[in-house]
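Model, not experiment: these values are computed from the prediction.
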Amino acid sequence: QVQLVESGGGLVQAGASLRLSCTPSGRTFSTHAMGWFRQAPGKEHEFVAAISWSGDSIYYADSVLGRFTISRDNAKNTVYLQMNSLKPEDTAVYYCAARDRDTYRTRDYYYTRRDEYDYWGQGTQVTVSS
């Protein structure tokens, strides 16, 4: 059973930083596109950031562009989401996702829709107080 395990969430004040980590268990994800999504209370899941399995292509939601950075360390089999200048509206459960359908030809592709991913983590809570 493939599992994605997120960590790094917490309660911080506005303007602070957090770094989320996502580590798949059960297999190596160095050749998988990865993404981060979030869901705030009473709202739909929202795309946050995506990275291709090559690491060469990255995409961000407008709401986090310039503040969040997605990266991957394939040697550690880990994907990160560095979140700076956090705002109260960033409060949400953050989910890591992995896609298991790519080939070498699509190694530079990133994905922004939930249905484009195959595996999900349980989520980590991020709460930003004003």
Side-chain angles (χ1 to χ4, degrees):
Q1 182 81 22
V2 175
Q3 289 186 323
L4 302 179
V5 180
E6 302 101 334
S7 62
L11 171 62
V12 297
Q13 290 189 330
S17 298
L18 282 173
R19 188 177 78 161
L20 306 183
S21 299
C22 172
T23 302
S25 65
R27 61 187 296 178
T28 298
F29 274 68
S30 60
T31 58
H32 293 68
M34 305 290 291
W36 287 95
F37 291 75
R38 66 187 182 186
Q39 186 175 28
K43 295 188 177 180
E44 297 289 325
H45 276 87
E46 175 188 18
F47 165 77
V48 176
I51 187 167
S52 63
W53 70 265
S54 71
D56 291 336
S57 298
I58 290 174
Y59 189 76
Y60 298 98
D62 288 344
S63 57
V64 306
L65 185 63
R67 299 187 298 121
F68 290 11
T69 302
I70 187 171
S71 62
R72 63 191 305 157
D73 185 338
N74 288 338
K76 296 182 178 180
N77 205 28
T78 301
V79 174
Y80 303 99
L81 185 68
Q82 177 67 43
M83 305 186 296
N84 298 330
S85 302
L86 282 162
K87 304 176 181 179
E89 50 263 45
D90 294 319
T91 294
V93 177
Y94 283 71
Y95 298 90
C96 173
R99 175 179 165 95
D100 193 18
R101 295 173 241 172
D102 286 297
T103 66
Y104 186 76
R105 184 182 65 82
T106 59
R107 66 191 182 281
D108 294 327
Y109 288 21
Y110 57 79
Y111 303 90
T112 62
R113 299 200 320 263
R114 295 187 69 227
D115 63 359
E116 293 176 313
Y117 289 89
D118 302 296
Y119 305 111
W120 292 84
Q122 294 298 308
T124 183
Q125 177 70 47
V126 172
T127 303
V128 185
S129 63
S130 58

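- Taking the side chain as every heavy atom from C-beta outward, Pro24 and Asn77 approach each other to under 4.5 Å.
- A side-chain donor-acceptor contact under 3.5 Å links Tyr60 to the backbone of Ile70.
- Thr127 pairs by the side-chain hydrogen bond (donor to acceptor under 3.5 Å, both in side chains) definition with Gln125, not counting sequence neighbours.
- Closest approach of Arg72 and Ala33 over heavy atoms only: NH1-CA, 4.2 Å.
- In plain terms, the two heavy atoms of Ser130 and Pro88 that are nearest each other are CB-CG, 3.8 Å.
- Across Leu81 and Ala49, no two heavy atoms sit closer than the pair CD1-CB, 4.1 Å.
- Residue Trp53 holds its CH2 atom at 9.0 Å from CG of Asn74, rounded to the nearest 0.5 Å.
- In this structure Asp108 satisfies the salt bridge (Lys or Arg N to Asp or Glu O under 4.0 Å) test with no other residue, sequence neighbours excluded.
- Among residues two or more places apart in sequence or in another chain, the side-chain hydrogen bond (donor to acceptor under 3.5 Å, both in side chains) test is passed with Thr23 by Thr78.
- By the criterion of side-chain heavy atoms lying less than 4.5 angstrom apart, applied directly or through intervening Ile, Leu, Val, Met, Phe, Trp or Tyr residues, Tyr119 is not grouped with Tyr110; the two fall into different hydrophobic clusters.
- With hydrogens and angles ignored, the 3.5 Å screen pairs no side-chain donor or acceptor of Asp100 with any backbone N or O of Asp118.
- Residues Leu65 and Ile58 share a single hydrophobic cluster, defined by chaining ILVMFWY side chains whose heavy atoms lie under 4.5 Å apart.
- In the hydrophobic clustering of ILVMFWY residues, with side-chain heavy atoms under 4.5 Å counting as a link, Phe37 and Val79 come out apart.
- Asp73 meets the salt bridge (Lys or Arg N to Asp or Glu O under 4.0 Å) test with no other residue; sequence neighbours excluded.
- Taking hydrophobic clusters as Ile, Leu, Val, Met, Phe, Trp and Tyr residues chained together by side-chain heavy-atom distances below 4.5 Å, Tyr59 does not share a cluster with Val48.
- Residues passing the salt bridge (Lys or Arg N to Asp or Glu O under 4.0 Å) test with Arg99 are Asp102, sequence neighbours excluded.
- Judged as a salt bridge (Lys or Arg N to Asp or Glu O under 4.0 Å), the pairs with a partner in residues 40-58 (not counting sequence neighbours) are, in order, Arg38-Glu46.
- Taking hydrophobic clusters as Ile, Leu, Val, Met, Phe, Trp and Tyr residues chained together by side-chain heavy-atom distances below 4.5 Å, Phe47 does not share a cluster with Leu20.
- Looking at residues two or more places apart in sequence or on another chain, you find a side-chain hydrogen bond (donor to acceptor under 3.5 Å, both in side chains) between Ser52 and Ser54.
- Between the side chain of Glu6 and the backbone N or O of Cys96 there is at least one donor-acceptor pair closer than 3.5 Å.
- Remark: Gln122 CD to Leu4 CG distance equals 9.5 Å, nearest 0.5 Å.
- Partners of Arg67 according to the side chain to side chain contact (heavy atoms under 4.5 Å, CB included) rule, which considers only residues two or more places apart in sequence or in another chain, are Val64, Ser85, Lys87, Asp90.
- Evaluation of the ring-ring contact (aromatic ring centres under 6.0 Å, His included) test over residues 67-96, restricted to residues two or more places apart or in two chains, returns His45-Tyr95.
- Under the rule for a side-chain hydrogen bond (donor to acceptor under 3.5 Å, both in side chains), the partners of Asp115 that lie at least two apart in sequence or sit in another chain are Arg113.
- Among residues at least two apart or in separate chains, there is no disulfide bond (SG atoms under 2.5 Å apart) pair with a member in residues 98-130.
- A search for ring-ring contact (aromatic ring centres under 6.0 Å, His included) contacts involving Tyr111 returns nothing, not counting sequence neighbours.
- Side-chain N or O atoms of Arg101 include one that pairs as donor or acceptor with a backbone N or O of Glu116 at under 3.5 Å.
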